[in-house]
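Ligands are counted one by one from 1 in listed order, and the atoms in each one are counted from 1 as well.
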Amino acid sequence: MTQYNWLETIDVSEEMLQRTNQRLPVIWISALDCTGCKEAFLRSVEPTTLDTILHFISLEYSELLSAASGYQAEEHKESIFQKYQGQYVLAVEGGIPQSDEYLMIAGKSVREEIIQAAKHAKAVIAFGSCSAWGGLPAAGSNPTDSVDVRSIIPEETPVALVPGCPPIPEVMIGTLLHIHFHGELPELDKKMRPKAFYQTTVHMTCHRKPFFDQKLFAQSYDDETAQKGYCLFKLGCKGPRAFNCCESMGMDRCIAAGFTCIGCSEEGFWDKGGFYPKKRK
Ligand code: SF4
Ligand code: SF4
């Protein structure tokens with residue numbers, strides 16, 4: 001059961017909730033991505049994505065989620081740049097290829113698209129480890145020469161990183177809602193992540209930590225030690241080094257499902273084993 005209260009976490013009072021502010025315009029540009037971040041975005045329960053879209057944000061452009069497509073969608077995006085100059089949020093998903101041949105949108109490279117959209121945005125949010133750190137496209141030999149979003153936009157652009165592969169839906173929505181209600185980005189840590197969501201490691205709030213403290217470790221995923229819910233450290237759990245709120249929110253995520261934390265919110269996680277954590281001795 002969730003212990004998460006979004007109103008408390010992003011400091012929204014009942015009175016603020018009653019105000020009928022204009023919804024926050026959002027333009028979502030997808031670079032080299034697997035669509036996982038958008039899939040996650042659709043699955044928030046606190047508040048629901050539906051409530052968020054109907055009441056608080058106006059998702060003006062997303063290749064996957066917009067009803068319009070092709071010229072109609074592109075024209076609409078251009079009109080938002082003008083109409084909401086300095087007021088819209090640019091959400092970026094995926095690593096950005098430096099070489100233009102890898103991804104074009106309506107005749108423009110995705111890199112140019114992002115640079116243009118960031119120019120007049122109120123803030124830029126990098127959704128997912130790919131746009132935050134380079135992620136999967138930048139892993140290994142990085143054949144597309146992909147980079148994170150901060151590498152291509154001016155340093156002074158207000159930007160928040162919301163890493164994870166994918167990020168937690170409530171964290172994506174919580175970050176947007178903070179901007180909607182407070183008019184600015186939430187407080188960030190030194191890695192530019194919203195502090196409210198990334199201030200502790202998964203380990204510090206993990207429900208299996210009492211087993212860790214007693215040195216009771218699962219030896220495999222399907223023996224008696226696993227059935228007893230012992231700590232997954234020996235199976236390669238990366239919770240001690242992963243800053244995220246999966247466990248503190250009390251939602252059923254990787255560790256609750258019986259799998260190790262894979263540290264998907266950390267820089268370079270694909271090069272450190274990705275989805276395949278190595279067992280420890
Ligand atoms: S961060 Fe993960 S889920 Fe999101 S686009 Fe990259 S690979 Fe997909
Ligand atoms: S399962 Fe992972 S995060 Fe949880 S206590 Fe064990 S090592 Fe820490």
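Atom OH in Tyr88 sits 11.5 Å away from atom CD in Glu60 (nearest 0.5 Å).
Contact shell of ligand 2 (protein heavy atoms, cutoff 4.0 Å): His203, Cys206, Arg208, Lys209, Phe212, Cys231, Leu232, Phe233, Cys237, Gly239, Pro240, Ile255.
Nearby protein atoms of type N, O or S around atom 2 (Fe) of ligand 1 amount to 1 (distance under 2.8 Å).
Cluster membership check: Val45 shares its hydrophobic cluster with Leu177, using side-chain heavy-atom separations under 4.5 Å among Ile, Leu, Val, Met, Phe, Trp and Tyr. Put simply, Phe127 and Leu42 are part of the same group of oily side chains (I, L, V, M, F, W, Y) that touch within less than 4.5 Å, one to the next. Cluster membership for Met204 and Tyr198, using ILVMFWY side-chain heavy atoms within less than 4.5 angstrom, is not shared. Taking hydrophobic clusters as Ile, Leu, Val, Met, Phe, Trp and Tyr residues chained together by side-chain heavy-atom distances below 4.5 Å, Leu161 shares a cluster with Val147.
Counting only N and O atoms by type, the side chains of Gln219 and Tyr230 include no donor and acceptor under 3.5 Å apart. Counted by atom type alone, Lys38 and Ser62 present zero donor-acceptor pairs between their side chains at under 3.5 Å. Donor-acceptor pairing under 3.5 Å is lacking for the side chains of Glu170 and Trp6.
Within a 6.0 Å radius of CD in Glu14, other residues, nucleotides and ligands contribute 12 heavy atoms or fewer.
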